[in-house]
Amino acid sequence: MTGMTMAETAKTAKLTFDDKEIELPILSPSAGPDVLDIRKLYAQGDVFTYDPGFTSTAACDSTITFIDGDLGELLHRGYPIDQLAEKSHFLEVAYLLLYGELPSAVQLEDFEHRVTQHTMLHEQMVYFYRGFRRDAHPMAIMTGVVGAMSAFYHDSTDITDPWQREVATIRLIAKMPTIAAWAYKFSIGQPFVYPRNDLDYASNFLRMCFSVPAEEYEVNPILSRAMDRIFTLHADHEQNASTSTVRLASSSGANPFACIAAGIACLWGPAHGGANQACLEMLREIGTVDRIPEYIARAKDKDDPFRLMGFGHRVYKNFDPRAKVMKQSADEVLELLGVENNPTLQVAKELERIAIEDPYFKEKKLYPNVDFYSGIILDAMGFPTSMFTPIFALARTVGWISQWKEMIADPQMKIGRPRQLYVGATMRDYVDVEDR
Ligand code: SDX
């Protein structure tokens with residue numbers, strides 16, 4: 001049990017069925033709903049629970065991130081995301097997620113130095129990129145290259161060794177911007193740009209993406225601050241689909257690079273991290289404010305698979321607090337870039353206004369999520385839509401690694417092995433082909 005605050009309570013729940021009466025402990029968290037401990041249910045009652053999509057299931061205990069979906073709150077180690085976005089910066093938030101407390105000035109300087117010293121890739125990894133088609137989606141490239149890291153960094157794949165876990169942690173956080181930037185450069189046929197140790201994390205990423213050998217590149221501090229804030233807003237988010245993928249893959253003892261590659265693959269889906277690309281493409285397809293009602297109608301039509309990308313959330317049934325910060329950042333960045341009249345932003349704001357006033361969306365508690373405004377900022381910064389999810393993956397690597405470290409260090413950790421409600425054919429004998 002990792003949670004220092006998960007308290008066993010005297011409370012129990014009684015389950016009676018058939019001729020059985022089972023008493024189950026109730027666990028009280030430091031925040032959020034109580035948890036019914038069903039670990040002994042199958043042994044005592046010979047029954048499983050059934051919860052496709054795990055909408056009512058706590059798969060682990062954790063001390064890293066807490067979301068209150070009704071209040072629209074997001075805490076990282078207890079600190080609200082809006083305060084971190086305003087007062088902190090990505091590598092400091094990374095330290096907080098990884099080690100549990102805000103760093104002292106000395107701890108922060110040491111951590112940032114260690115990350116900076118690991119931003120380069122093994123030179124041989126350049127050849128992996130050349131194996132892809134130029135039009136390969138950068139997420140396909142990132143999944144492949146991150147997985148391939150386990151073929152290069154053998155000295156940090158033994159998860160039973162705390163030192164190797166720490167080295168893998170720093171390597172993944174440090175190298176993700178280089179891997180993502182090189183995926184972008186490869187897709188546009190420009191030479192790879194190497195990281196520089198005199199630049200901060202976000203500035204390094206922007207320079208690796210947008211500089212060319214033919215001229216000097218000055219990082220715009222406005223864009224660098226916006227980039228860093230976008231990283232912070234995407235860092236971690238409890239047991240979302242990709243984090244749960246990383247935890248399940250890691251529970252078999254697989255090496256951290258392979259597990260993070262699994263998380264990248266899961267994040268790519270349009271229902272998850274791929275929504276930022278899908279959302280901007282949807283806003284562009286809508287094009288003008290007068291076409292919004294047509295799309296609102298489609299989103300409400302049960303026979304139409306169309307959904308408003310960037311809207312809705314498994315947990316938030318109020319505003320996603322990250323969307324609020326992102327919307328404010330979009331206003332600031334686009335105004336500072338002199339594109340405040342960006343038609344896509346106007347469509348987004350009008351779509352948000354109409355949607356959240358619509359009875360359907362109110363009833364279903366559908367609000368803009370983190371992906372609704374992020375694409376508008378990234379587009380204004382010069383990124384193609386295909387780079388939106390790689391940027392999400394870059395930032396979420398810190399969350400995936402933090403959750404991975406927490407799980408691996410948990411003495412109760414065991415391989416994940418969900419059961420099922422089997423509704424297929426019962427035992428029957430083989431039929432020879434001539435008798436079918
Ligand atoms: C992320 O888990 C996380 O924390 C994820 C994330 C993170 O940081 O890791 O926050 C990042 O993935 C954000 C979500 C990005 N995805 C999108 O923006 C895609 C569009 N959103 C939907 O696909 C949907 O809202 C989900 C997938 C996000 C949530 O799905 P749920 O909770 O399973 O909700 P649901 O599919 O059961 O929908 C409930 C109802 C349904 O109607 P009924 O069947 O009850 O009649 O709401 C409707 C849905 O049809 N609905 C939508 C809708 N989302 C849900 N209708 C129109 N447009 C939408 N976007």
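Remember, predicted model here, so these are calculated numbers, not experimental data. Remember, it's 1-based here, ligands and their atoms both numbered in the order they're listed.
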Any idea which of [options] brings a heavy atom closest to [atom]?
atom	options	answer
atom 38 (O) of ligand 1	R307, Q239, R298	R307
atom 11 (C) of ligand 1	R396, H234, H272, K300	H272
atom 19 (C) of ligand 1	M309, R314, M282	M309

Region of [X] engaging ligand 1 - heavy atom pairs below 4.0 Å:
X	value
Y360	side chain
H313	both
R322	side chain

Does the pair R298/D301 count as a salt bridge with the N-to-O cut at 4.0 Å?
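Here R298 does not pair with D301 in a salt bridge, since their nearest N and O are not under 4.0 Å apart.
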
With only distance considered, is [X] within less than 3.5 Å of ligand 1 through an N or O on each side?
X	value
G310	yes
K364	yes
L366	no
D320	no

To which protein heavy atom is atom 44 (O) of ligand 1 closest, and what is the distance rounded to 0.1 Å?
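Of every protein heavy atom, K302 NZ, 4.1 Å lies nearest to atom 44 (O) of ligand 1.
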
Who's the nearest protein heavy-atom neighbour of atom 4 (O) of ligand 1, and how far?
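Here the closest protein heavy atom is H237 ND1, 2.6 Å.
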
Find out whether the Lys NZ or Arg CZ of R419 is both under 6.0 angstrom from the six-membered ring centre of F48 and within 45° of the ring's axis.
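No cation-pi geometry.
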
Give a yes or no on whether Y50 atom OH has more than 12 heavy-atom contacts from other residues, nucleotides or ligands under 6.0 Å away.
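Incorrect, the count does not exceed 12.
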
